[in-house]
S.K.: 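Questions regarding the structure given below will be posed in turn.
Every chain is numbered from 1 and lettered A, B, ... according to where its sequence line falls, protein lines coming before strand lines. Computation of the quantities below employed the complete heavy-atom set of this structure, encompassing side-chain atoms and omitting hydrogens, waters and symmetry-equivalent molecules.
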Protein chains: 2
Amino acid sequence: MAPMTSGKTRPVRLADIAKAAGVSHGTASNVFARPEIVREEVRERVKAAAEAMGYGGPDPKGRLLRAGKVNAIGVATGEPLSYFFDDPFARVMMASISQACDATGAGISLVSAANSEQLAWNIQSALVDGFIVFCMEGDSRLVQLARERKLPFVALDLDSDDQTVAAIGIDNIAGAGLAARHLAELGHRRFAVLALPCADAGFGPTTQAQVEMALYSGTRDRLRGYFAELSSFDIDVSLVPIYETVNDEKSVWAGLDHIFAGAEPPTAILAMSDRIALHALDWLRQHDIAVPGDVSIVGFDGVPEGAISEPPLTTVAQPIAEMGRRAVKAILENDGSLSRQLLPVDLVVRASSGPAPA
Amino acid sequence: MAPMTSGKTRPVRLADIAKAAGVSHGTASNVFARPEIVREEVRERVKAAAEAMGYGGPDPKGRLLRAGKVNAIGVATGEPLSYFFDDPFARVMMASISQACDATGAGISLVSAANSEQLAWNIQSALVDGFIVFCMEGDSRLVQLARERKLPFVALDLDSDDQTVAAIGIDNIAGAGLAARHLAELGHRRFAVLALPCADAGFGPTTQAQVEMALYSGTRDRLRGYFAELSSFDIDVSLVPIYETVNDEKSVWAGLDHIFAGAEPPTAILAMSDRIALHALDWLRQHDIAVPGDVSIVGFDGVPEGAISEPPLTTVAQPIAEMGRRAVKAILENDGSLSRQLLPVDLVVRASSGPAPA
DNA sequence: CACTTTCGTTGGATCGGTTCAAATTTTGAC
DNA sequence: GTCAAAATTTGAACCGATCCAACGAAAGTG
């Protein structure tokens with residue numbers, strides 16, 4: 001039997017086109033990459049051959065090897081891929097990263113995995129020029145993996161004191177201070193703190209001392225910021241209850257159950273994330289506690305949901321767009337010197353905070 | 001001057017490691033790709049050399065060429081990249097695509113571009129095994145580009161009658177019929193339609209005849225579905241006002257201003273998207289029109305925002321998760337035969353629809 | 001007509017790995 | 001101690017392009 005057009009469809013290569021058109025592969029390449037330097041007659045002949053053989057243009061796989069640059073940045077997280085589309089903070093951040101990438105024509109590869117073995121492989125084999133790493137609380141594994149790739153990478157919102165990794169974060173202490181000062185200036189004197197996790201230990205009431213030993217420096221710094229500012233108003237921070245949540249509805253509600261069970265419930269709540277604050281708003285509404293009439297609350301992050309909640313949430317807004325822009329810039333224009341950057345935060349006053357009740 | 005360790009950091013290649021460890025590059029490759037077939041002593045030696053020279057593991061760029069498969073699927077749209085994180089429908093779809101990819105260990109590359117020249121290049125040079133194309137209304141350019149890459153691709157929710165492109169869509173006619181029947185069975189007899197765009201012509205009142213000539217078959221089919229069902233209830237559809245929106249607040253509000261200006265305002269509104277319906281809900285609330293007391297409204301798409309709106313939205317839900325799963329499966333397990341699939345839709349009855357007022 | 005430009009084309013080198021048949025070494029059996 | 005079988009290692013081929021020095025032909029110059 002003659003070979004014929006065998007069952008398998010072997011892909012058409014540039015070299016096949018060149019042969020068919022009777023030119024060298026160098027010329028064939030030029031037809032696609034720099035058509036202007038090829039004589040028109042030849043150009044047309046090659047294009048015709050390509051068309052006839054069903055050639056889909058130069059395969060980027062081949063080009064890539066030579067070019068070196070992928071022109072795409074990888075965004076990595078330890079969470080499942082859908083995190084990028086579900087989580088409010090991630091979405092805003094991704095939108096800003098997207099814009100920065102669009103502006104420079106770079107693509108985005110989402111890197112993640114169900115299990116951590118897969119994750120390692122996915123990071124090792126990602127076709128990207130660099131990584132932006134979404135650092136969940138204490139997720140140093142991800143940073144380690146990214147570092148091993150020896151590609152430029154920046155960590156976002158890094159909860160770690162490792163000064164050797166490039167990171168773009170915010171001044172948690174100053175931000176928390178802003179929130180505390182705002183409430184104190186409104187006359188509040190009885191506070192409660194709904195904290196982010198300190199470690200992987202679950203949730204429940206905790207103490208300042210324990211938070212000081214926290215695995216996650218974000219949680220620690222925000223508490224420090226709160227308490228430093230409150231102290232300057234002569235408030236005895238040792239009396240301020242701290243409840244460690246896991247940033248979900250259940251633990252936040254449990255925290256509020258706990259906090260409001262006492263004889264002298266707080267008039268002001270410092271929530272370490274908007275998500276916590278929004279869940280708290282639900283709890284307060286269900287318990288007929290007026291916000292900000294009876295209780296004021298200030299969140300942290302500045303996610304868009306906070307602007308349309310009932311009431312709209314006073315919060316410490318991270319400059320999310322700016323962070324995204326800088327991260328992309330750091331990867332794309334990396335001159336080898338990625339540094340740590342702390343961006344300032346803004347207090348956004350909305351309707352969830354008001355004067356302390358008389 | 002001797003070369004020394006020159007200023008430029010030239011990347012370390014596998015061959016360098018092999019030489020340093022005194023083995024062939026074949027063996028060096030095996031150390032990383034199939035460590036179990038390499039004698040332990042050699043393995044350790046090579047690994048040590050890699051460590052010492054700062055080798056970040058085999059470069060995927062090199063592997064790719066040989067392997068052929070990228071193990072990533074490209075998701076393309078003509079909109080800016082941030083569309084994936086902003087648009088409710090896109091987000092739900094992406095979340096489901098993400099899950100399907102996570103399950104199979106595939107990655108996701110987001111492909112898009114600010115201008116259409118960039119878009120062509122981005123599609124031509126995307127390192128992916130196939131494309132899922134988000135077809136905006138009548139965006140055939142994107143389909144054309146994807147087709148030229150000669151890679152497997154499926155169009156999502158394709159608004160085109162081109163039977164030669166693989167597409168996963170829904171039965172718009174049947175879905176619209178469900179919505180119309182629901183309202184008719186609740187006793188409604190005075191209807192209005194808030195339509196999606198028919199072409200790129202802007203917004204304003206339109207007619208059934210014009211919609212029949214619509215560029216976008218989705219809009220056309222949904223209207224056909226509505227009217228076929230309404231006719232079967234002996235409703236004179238020629239009297240039903242149709243207002244073409246561009247799926248944003250401004251055009252929806254203008255449409256309602258127009259529709260409710262008449263002497264006999266409708267008691268039931270058929271909205272061709274949830275986004276339209278949600279904007280309509282805002283307008284109705286601002287005009288003190290009770291939903292569903294005075295007016296009932298049914299949306300289309302089934303985005304999650306519809307479940308938490310005030311009131312929650314009755315809608316025709318697309319099986320978004322299933323569509324995402326099938327699209328990913330079609331690309332990844334592509335046996336060369338991608339087909340058109342029409343998935344059934346579901347009517348989800350919530351609180352925005354009720355009996356017609358007496 | 002010889003000589004320099006200019007223009008287009010060629011073919012080899014290169015990018016950084018993987019793979020596999022063949023060569024070599026080690027191990028096991030008798 | 002010899003030989004076959006098993007375990008390792010080698011080195012060339014290949015993946016699909018781009019790039020560039022060198023070359024041949026056509027055009028321009030004196």
S.K.: Over 60° means perpendicular and under 30° means parallel, so tell me whether A:Phe85 and B:Phe85 are parallel, tilted or perpendicular.
M.R.: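 It falls in the parallel class, under 30°.
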S.K.: Working note: B:Glu40 + B:Arg43, criterion salt bridge (charged side-chain N to carboxylate O under 4.0 Å, His left out); need CA distance, chi angles, decisive distance, verdict.
M.R.: CA-CA 5 Å; B:Glu40 175 164 359; B:Arg43 198 193 316 149; 5.2 Å; no
S.K.: All N/O contacts under 3.5 Å from nucleotides 9-11 of chain D to the protein, with atom names and distances to one decimal?
M.R.:
from, atom 1, to, atom 2, distance (Å)
D:dT9, OP1, B:Arg39, NE, 3.1
D:dT9, OP1, B:Arg39, NH2, 3.0
D:dT9, OP2, B:Arg39, N, 3.1
D:dT10, OP2, B:Ser24, N, 3.1
D:dT10, OP2, B:Ser24, OG, 3.4
D:dT10, OP2, B:Thr27, OG1, 2.9

S.K.: Between A:Arg13 and A:Arg34, which has a closest nucleotide on DNA chain D that is more 5'?
M.R.: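 Of the two residues, A:Arg13 wins.
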S.K.: Is any NZ, NE, NH1 or NH2 atom of the basic residue among B:Arg326 and B:Glu322 found under 4.0 Å from an Asp or Glu carboxylate oxygen of the other?
M.R.: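 Between B:Glu322 and B:Arg326 there is a salt bridge, with a charged N closer than 4.0 Å to a carboxylate O.
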S.K.: Choosing from D:dT18, D:dC15, D:dG16, which nucleotide comes nearest the side chain of A:Pro11?
M.R.: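 Of D:dT18, D:dC15, D:dG16, D:dG16 is nearest to the side chain of A:Pro11.
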S.K.: Just checking B:Phe84 against B:Phe134, ring centres under 6.0 Å apart?
M.R.: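 Yes, ring centres under 6.0 Å apart.
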S.K.: Calculate, to the nearest 0.5 Å, the distance between atoms CZ and CD1 belonging to A:Arg325 and A:Ile97 respectively.
M.R.: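 Output value for this atom pair is 11.5 Å.
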S.K.: Could you state the CG-P distance from B:Leu64 to D:dA17, rounded to the nearest angstrom?
M.R.: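 Rounded to the whole Å, the gap is 12 Å.
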S.K.: Taking atom C1' of D:dC19 as reference, at what distance in whole Å does atom CZ of A:Arg63 sit?
M.R.: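 It works out to 14 Å between those atoms.
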S.K.: Can you run down the salt bridge (charged side-chain N to carboxylate O under 4.0 Å, His left out) pairs that involve residues 57-68 of chain A, sequence neighbours left out, and say none if there aren't any?
M.R.: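 Applying salt bridge (charged side-chain N to carboxylate O under 4.0 Å, His left out) to every pair that reaches into residues 57-68 of chain A, excluding sequence neighbours, yields A:Asp59-A:Lys61.
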S.K.: Where the side chain of B:Arg91 meets the backbone of A:Asp86, is there a donor-acceptor pair that is under 3.5 Å apart?
M.R.: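 It does not hold such a pair.
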S.K.: Where do A:Val165 and A:Val143 come nearest, in terms of heavy atoms and distance?
M.R.: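 Looks like CG1-CG1, 4.0 Å.
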S.K.: Just how far, in rounded Å, is C1' of D:dA13 from CG of B:Leu65?
M.R.: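 Taking CG of B:Leu65 and C1' of D:dA13, I get 13 Å after rounding.
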S.K.: Atom CZ of B:Arg66 to atom P of D:dA12: distance rounded to whole Å?
M.R.: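 The distance from CZ of B:Arg66 to P of D:dA12 comes to 16 Å, rounded to the nearest Å.
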S.K.: How many Å lie between NZ on A:Lys61 and P on D:dG16, as a whole number?
M.R.: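 Taking NZ of A:Lys61 and P of D:dG16, I get 8 Å after rounding.
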S.K.: Taking any atom closer than 4.0 angstrom to a non-hydrogen atom of chain A, what span of DNA chain C does the protein reach, first nucleotide to last?
M.R.: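 On DNA chain C, the outermost contacted nucleotides are C:dG8 to C:dG16.
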S.K.: Is B:Phe32 touching bases, backbone alone, or none of the nucleic acid, heavy atoms closer than 4.0 Å?
M.R.: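 Nothing, no nucleic acid heavy atom in range.
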S.K.: Between P on D:dC14 and CG on A:Leu14, what's the gap in Å once rounded to a whole number?
M.R.: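 Distance, rounded to whole Å: 18 Å.
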S.K.: State plainly whether the residues B:Lys19 and B:Asp16 are in salt-bridge range, i.e. N to O under 4.0 Å.
M.R.: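 Not counted as a salt bridge, because no side-chain N and carboxylate O are separated by less than 4.0 Å.
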